[in-house]
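Beneath this line is the structure, given in structure tokens, with notes to follow.
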Amino acid sequence: MTTTEIPAAARTGKPSTPPKRPGKRQREGAAWVFLSPWVLGAAVLTLLPMAVSLYLSFTDYDLFNPPQWVGLRNYTQMFTEDPRYWRSVVATLTYVVIAVPLQLGLALVVALALKSMRRGKGFYRSAFYAPSLLGASMSIALVWRAIFNDGGTVDNLLGTGGWVNKPGWALFTVALLTVWQFGAPMVIFLAGLQQIPTELYEAAAVDGASRWRQFLSITVPMLSPVIFFNLVLQTIQAFQVFTPAFAVSAGKGGPADSTLFYTLYLYDRGFVASHMGYASAMAWTLLLVIGAVTAVLFRTSRSWVFYASEGDR
Amino acid sequence: MTTSTVAVRKPVAWRRVALHLGCLAALLVMLYPLAWLLATSLKPADEVIASLDLLPGSLEWSNYTTALDGVNDVSVWQLLGNSLFIAGGAVVGNVLSCSLAAYAFARLRFRFRGPLFAFMIATIMLPHHAVLIPQYIIFNQLGMVNTYWPLILPKFLATEAFFVFLIVQFMRGLPRELEEAARIDGCGPFRSFFLVILPLTRPALITTAIFTFIWTWNDFFTQLIYLFSPEKFTLTLALRSFVDASSQSAFGPMFAMSVIALLPIVLFFLAFQRFLVEGMANSGIKG
């Protein structure tokens with residue numbers, strides 16, 4: 001213990017001046033050295049591309065010939081002349097509205113069930129979480145297509161004739177794949193639930209509050225920051241879903257464009273049809289929509305997200 | 001107090017049994033696709049679709065030997081190596097660059113720290129597609145399309161802000177006295193970062209490494225746009241070749257290859273599940 005009191009200068013052999021605090025400028029310089037990879041990445045791979053993508057969205061660009069300025073034409077074409085664009089918007093919004101609430105609801109129910117468990121909690125937590133890691137893979141997307149296909153397990157059990165081939169149902173199979181991955185938000189819910197002080201429940205029980213009452217008056221408000229975090233994160237991710245739709249529809253977004261998710265159509269326009277300008281316009285519109293949705297979520301959060309522990313850090 | 005617990009014990013025990021039964025039933029349904037995948041990878045071609053049985057009538061190991069031959073004359077070993085190379089590079093890049101940036105945000109003072117931190121957080125929400133096309137153009141101009149650079153280089157530049165945030169959250173929990181002691185001992189910011197802070201941040205770094213590995217391994221979109229020579233394909237991309245051609249004779253080998261592609265994730269999961277689950281839990285809560 002006392003050995004640490006030997007000044008470092010003695011060990012390094014430098015003249016033993018009293019240890020001096022590094023100057024403010026020197027410390028600031030060190031910070032920028034630590035930050036330099038991030039700054040470079042943020043500038044060259046984030047900010048610059050965002051600006052370029054905004055510029056390209058006003059051009060015709062096929063990657064080989066120089067971009068041709070076309071003003072708002074990509075946008076007007078998107079909004080007024082391209083029925084596939086709107087089908088991709090409808091597919092994506094439908095998917096987000098179906099998948100996210102189902103996934104979060106299931107995550108919350110399972111987290112509540114596990115919370116009170118004494119034995120096996122760790123096991124269930126890991127087991128329910130596993131699909132969240134595997135589900136994003138092409139392997140599982142292919143399994144999904146086979147199970148929900150004509151002649152697959154679901155068809156055999158329910159006589160559906162294969163949801164993957166039915167315009168009204170194909171999107172639902174992709175949504176189910178997302179719901180299946182409820183483990184990630186569930187783990188976050190569970191961690192949040194465990195931070196709620198048990199005294200609150202004990203006091204409420206003494207006052208004769210029912211379980212449902214306790215859930216509404218204690219669990220929901222105390223958990224609201226975590227619910228909000230999960231809601232924002234899962235919504236943003238859902239807008240960008242790609243792999244399962246690609247696998248289920250063989251990259252085409254079918255049947256009848258019902259799984260032509262926004263990102264799939266963006267890929268198709270940009271990298272298959274070489275309309276980089278059009279794809280950029282789509283990308284910027286997506287950015288604005290996600291920004292707007294996030295802003296709305298933040299705005300509404302003021303009325304239902306409750307931050308209790310502000311002073312306790 | 002004891003009397004009241006005794007009085008309510010019976011219904012609670014019942015509830016507990018019901019809870020376990022419910023959870024096990026849910027797990028059975030959830031794990032079905034995985035069991036189906038494993039079973040189908042061992043089924044002979046004529047059983048794949050026709051039979052409802054999960055267990056194959058006879059084990060068809062040839063699916064795996066066919067799968068090992070690979071796709072487009074590229075063996076599975078090569079595909080596996082490519083996948084491992086990309087995921088390994090991404091892991092090294094992310095752990096290094098994200099921990100450097102996180103240390104600055106968590107512990108050092110510099111001008112514009114507040115706005116830059118806010119910007120960093122905002123990029124977590126930034127859809128990848130907003131930067132995708134210009135990034136592609138940049139890498140195209142640099143002659144890096146159809147190489148692994150576009151898949152690995154960005155990770156060395158801390159572009160995955162989620163991990164910076166994760167490590168920042170962890171570092172904020174470490175006592176400040178550690179660095180003060182190190183400074184009194186004559187450590188500058190670099191030595192105290194490498195010798196004091198980094199070793200203590202190990203759990204967050206392991207979490208970052210594992211998530212980076214799994215996410216990069218599973219990533220399909222980026223590999224799809226940047227790689228087009230079959231010999232450079234990853235396992236994920238090779239599976240794509242099966243997407244278009246879904247003839248039933250290829251079903252067995254396709255799912256055998258799917259199993260091979262999932263194996264590293266499963267192994268990672270089994271080995272590091274504690275870090276994975278807790279890393280995920282900590283990502284949003286503390287702070």
Side-chain angles (χ1 to χ4, degrees), chain A residues 4 7-9 19 22 27-28 30-32 34-35 37-38 40-41 45-46 49-50 52-53 56 113 117 124-127 129-131 133-134 136-139 142-143 147 151 156 184 187-188 191-192 226 229 236 240 242-243 247 250-251 263 266 270-271 276 279-280 283 286-287 290 294, chain B residues 19-20 22-23 27 30 33 36-37 49 52 97 100-101 103-104 108-111 123 125-135 140 154 156-159 164 184-190 214 218 220-221 225 236 239-240 242-244 254 258 261-262 265 269 273 277 280-282 284-285:
Chain A
T4 55
R27 271 184 290 143
E28 169 120 9
W32 289 106
F34 280 100
L35 271 185
W38 178 80
L40 192 64
L45 292 176
T46 305
M50 280 174 75
V52 171
S53 143
L56 285 178
M117 252 182 210
Y124 288 122
R125 203 174 63 147
S126 293
Y129 183 61
L133 293 173
L134 304 174
S137 64
M138 184 49 94
S139 306
L142 290 172
V143 170
I147 288 181
N156 278 324
V187 164
I188 297 175
V226 182
F229 175 85
I236 291 173
Q240 301 174 60
F242 181 82
T243 312
T263 52
L266 192 155
F271 294 93
M276 289 291 182
S280 296
L286 178 68
L287 176 69
I290 289 184
T294 313
Chain B
L19 214 59
H20 278 282
C23 282
L27 263 185
M30 284 186 63
W36 184 94
L37 169 60
I49 279 300
L52 243 182
S97 65
L100 285 171
Y103 182 66
L108 302 176
R109 300 197 171 278
F110 51 91
R111 269 160 68 96
T123 59
M125 301 178 190
L126 183 75
H128 180 49
H129 306 85
V131 292
L132 177 81
I133 288 163
Q135 277 188 8
N140 191 35
F156 278 86
L157 299 177
T159 48
V164 180
I184 289 165
D185 280 357
C187 283
F190 296 100
I214 291 174
N218 279 341
F220 174 67
F221 194 86
I225 62 171
T236 304
L239 280 173
R240 190 231 152 156
F242 290 111
V243 167
D244 310 305
M254 164 168 116
S258 297
L262 278 187
I265 309 178
F269 178 72
Q273 41 143 320
V277 174
M280 191 31 104
N282 288 336
I285 313 302

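Numbers restart at 1 for each chain; the letters A, B, ... are given by sequence-line order, proteins then strands. These numbers were taken from a predicted model, which means no experiment stands behind them.
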Could you tell me whether a side-chain N or O of B:Gln135 sits under 3.5 Å from a main-chain N or O of A:Pro49, the two making a donor and an acceptor? no
Any chance you could measure A:Thr243, atom OG1, to B:Leu239, atom CG, to the nearest 0.5 Å? 11.5 Å
Which atoms of B:Leu27 come close to chain A, meaning under 4.5 Å heavy atom to heavy atom: side chain ones, backbone ones, both, or neither? both
Of all heavy-atom pairs between B:Val277 and A:Ser126, which one has the smallest distance, and what is that distance? CG2-OG, 4.0 Å
Below 30° counts as parallel, above 60° as perpendicular, anything between as tilted: where do the rings of B:Phe190 and A:Phe34 land? parallel
Top contributor to chain A contacts, counting heavy-atom pairs under 4.5 Å, from B:Ser97, B:Gly22, B:Pro33, B:Ala101: B:Pro33
One option among A:Gly270, A:Ala247, A:Ala130, A:Pro131 has the most heavy-atom pairs under 4.5 Å with chain B, and it is A:Ala130
For chain B, which of A:Ile290, A:Leu286, A:Val143 has the most heavy-atom pairs under 4.5 Å? A:Val143
Contact class of A:Thr294 relative to chain B, heavy atoms under 4.5 angstrom: side chain
Contact part of B:Leu157 toward chain A, heavy-atom cut-off under 4.5 Å: side chain, backbone, both or neither? both
Closest non-hydrogen atoms of A:Trp38 and B:Ala158, given as atom of the first, atom of the second and distance, are CD1-O, 3.5 Å
Of the listed residues (B:Ile225, B:Asn140, B:Leu37, B:Ile214), which shares the most heavy-atom pairs with chain A below a 4.5 Å separation? B:Ile225
Counting heavy-atom pairs under 4.5 Å with chain B, the top scorer among A:Leu266, A:Leu40, A:Val187 is A:Val187
Looking only at B:Ala261, B:Pro154, B:Cys23, most heavy-atom pairs under 4.5 Å shared with chain A are made by B:Cys23
Of the listed residues (A:Ala113, A:Ser137, A:Ala136, A:Ala127), which shares the most heavy-atom pairs with chain B below a 4.5 Å separation? A:Ser137
By a 4.5 Å heavy-atom criterion (distance strictly below it), what part of A:Leu45 contacts chain B: side chain, backbone, both, or neither? both
Contacting moiety of B:Phe156, where chain A heavy atoms sit under 4.5 Å: backbone
Among A:Ala279, A:Ala283, A:Ala184, A:Ser139, who wins on heavy-atom pairs under 4.5 Å with chain B? A:Ser139
Considering all heavy atoms of both residues, which atom of A:Ala31 and which atom of B:Ala104 are nearest to each other, and what is their separation? O-CB, 3.9 Å
Of all heavy-atom pairs linking A:Leu287 and B:Pro127, the shortest is CD1-CD, 3.5 Å
Would you call A:Pro37 and B:Leu100 a side-chain contact if the rule is heavy atoms closer than 4.5 Å? yes
Side chain to side chain, A:Phe271 and B:Leu132, heavy atoms closer than 4.5 Å: yes
Heavy atoms, side chains only, cut-off 4.5 Å: are A:Thr263 and B:His129 in contact? yes
Sub-3.5 Å donor-acceptor pair from the side chain of A:Ser53 to the main-chain atoms of B:Ala130, do we have one? yes
Side-chain heavy-atom pair B:His20, A:Met117 within 4.5 angstrom cut-off: yes
Residue part contacting chain A, namely of B:Thr159, when any heavy atom lies under 4.5 Å: side chain
Would you mind checking which part of A:Leu142 comes under 4.5 Å of any heavy atom in chain B, side chain (CB onward), backbone (N, CA, C, O), both or neither? both
dist B:Trp36:CH2 -> A:Ile147:CD1 (nearest 0.5 Å) comes out at 5.5 Å
Can you tell which part of A:Ile236 gets under 4.5 Å to a heavy atom of chain B, answering side chain, backbone, both or neither? side chain
Could you check whether the rings of A:Tyr129 and B:Phe269 sit parallel, tilted or perpendicular, using 30° and 60° as the cut-offs? tilted
